[in-house]
Colleague: 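The structure's right below; bear with me while I get my questions together.
Counting starts at 1 for both ligands and their atoms, following the listed order. Note that the structure is predicted; figures quoted are calculated from it, not measured.
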Amino acid sequence: MKFFVDTANLSQIQEAHDLGILDGVTTNPSLMAKEGITGEQAVLDHYAKICDIVDGDVSAEVISTDFEGMIKEGEILSEIAPNIVVKVPMIQEGIKAISYFTRKGIRTNCTLVFSAGQAILAAKAGATYVSPFIGRIDDISWDGMQLIKDIAEIYAVQLFDTEILAASVRNPLHIVDSAKNGADVVTCPLNAILGLLNHPLTDIGLAKFLADHKKANG
Ligand code: G3P
C-alpha cells in the first residue's frame with residue numbers, strides 16, 4: 001500500500017518525505033486555503049513547490065464544476081510537472097471530464113466518493129485513482145471501511161485498473177484497516193502516519209535497553 005500525505009503544508013510534506021516512506025501527496029481547496037494559498041498563480045506555484053519535494057503523484061484539484069472549466073484547469077495543472085494528477089469531483093460533469101482526460105492521457109483522481117456505485121463510474125471513466133472518504137462516512141455513523149471492502153471486491157471481480165485511494169483518513173487504525181481491506185493507497189495527515197510509530201512496550205523496552213547499557217558501561 002502506498003502512503004500519501006494529505007496536506008498542502010510544505011514542512012509537513014518535507015517531514016513525511018524525509019521518513020523515506022512517502023509515495024505522494026493529495027491536496028484539496030480546503031487544504032490550500034488552510035495554508036493561506038490564494039489566487040490562481042500562487043496555487044500553481046505552490047503545486048510546483050510540492051512537486052519539487054516529492055517524486056510521487058501529487059493530486060491537484062480543479063475548482064470548476066462545469067466540463068469546459070475542468071478541462072481548462074486540468075490541462076494547466078497537468079503541465080506543472082509530470083507527477084501531477086488532476087483531482088476531479090464525483091459529479092456528472094466530473095465523470096465527463098475524467099473520460100476526456102483519460103483519452104488525452106492525463107491522469108486523474110476522482111474525489112468525494114461515498115458509494116460503490118460512484119466508484120464503478122469513476123473506474124469506467126478511467127480514473128487513475130478513486131478517493132472514498134472513509135472518515136466523513138464514519139462521521140455520520142456509517143461504516144467507511146465497508147466502502148473500501150466493497151470497492152476492492154468490485155474492482156477485483158471486474159478487473160478495473162483504478163487504484164483505491166482511501167481518503168479522509170484520520171487516525172492510525174484507519175491506515176491499518178485500509179491496508180487489511182485492499183486499499184492501494186492511503187492518504188492522511190502526517191500525525192496519523194506518525195501515530196503508527198507508537199507502542200508503550202517499545203518505549204518501555206528502549207528505556208530498559210538504554211538503562212542496562214548505562215549500568216554495564218557507566
Ligand atoms: O483526502 C480527503 C481529505 O482531505 C478529507 O479529509 O478529514 O477533511 O474529511 P477530511
Colleague: Which residue and non-hydrogen atom of the protein lie closest to atom 1 (O) of ligand 1, and at what distance in Å?
Modeller: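 I find the closest protein heavy atom is Asp6 OD2, 3.1 Å.
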
Colleague: By the side chain to side chain donor-acceptor pair (under 3.5 Å) test, which pairs, at least two apart or in different chains, include something from residues 69-78?
Modeller: Ser64-Glu73, Glu75-Tyr100

Colleague: Hey, are Lys180 and Asp177 close enough for a salt bridge, meaning a charged N less than 4.0 Å from a carboxylate O?
Modeller: yes

Colleague: Give the residue, atom name and distance (to 0.1 Å) of the protein heavy atom nearest atom 2 (C) of ligand 1.
Modeller: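 Closest protein heavy atom to atom 2 (C) of ligand 1: Phe133 CZ, 3.4 Å.
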
Colleague: For the residue pair Asp55 / His17, report whether a side-chain donor-acceptor contact shorter than 3.5 Å exists.
Modeller: no

Colleague: Please list, in number order, the atoms of ligand 1 under 4.0 Å from a heavy atom of Ala167.
Modeller: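 The list of qualifying atoms is 1 (O), 2 (C).
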
Colleague: Show the atoms of ligand 1 that are less than 4.0 angstrom away from any heavy atom in Asn28.
Modeller: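 Counting atoms of ligand 1 from 1, those under 4.0 Å from Asn28 are 3 (C), 4 (O).
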
Colleague: Starting from atom 6 (O) of ligand 1, what is the nearest protein heavy atom, named by residue and atom, and what distance separates them?
Modeller: Ser168 CA, 3.4 Å

Colleague: With distance as the sole test, does Ser178 use its side chain to make a donor-acceptor pair with the main-chain N or O of Val186 at under 3.5 Å?
Modeller: no

Colleague: Could you check whether any side-chain N or O of Thr27 sits under 3.5 Å from a backbone N or O of Ser59, counting only pairs where one atom can act as donor and the other as acceptor?
Modeller: yes

Colleague: Short list, please: which atoms of ligand 1 are under 4.0 Å from a heavy atom of Arg170?
Modeller: 7 (O), 9 (O), 10 (P)

Colleague: Just which atoms of ligand 1 are under 4.0 Å from any heavy atom in Arg136?
Modeller: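 What qualifies from ligand 1 is 5 (C), 8 (O), 9 (O), 10 (P).
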
Colleague: Show me the pairs that pass salt bridge (Lys or Arg N to Asp or Glu O under 4.0 Å) and involve residues 151-162, at least two apart or across chains.
Modeller: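 Qualifying pairs, neighbours excluded: none.
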
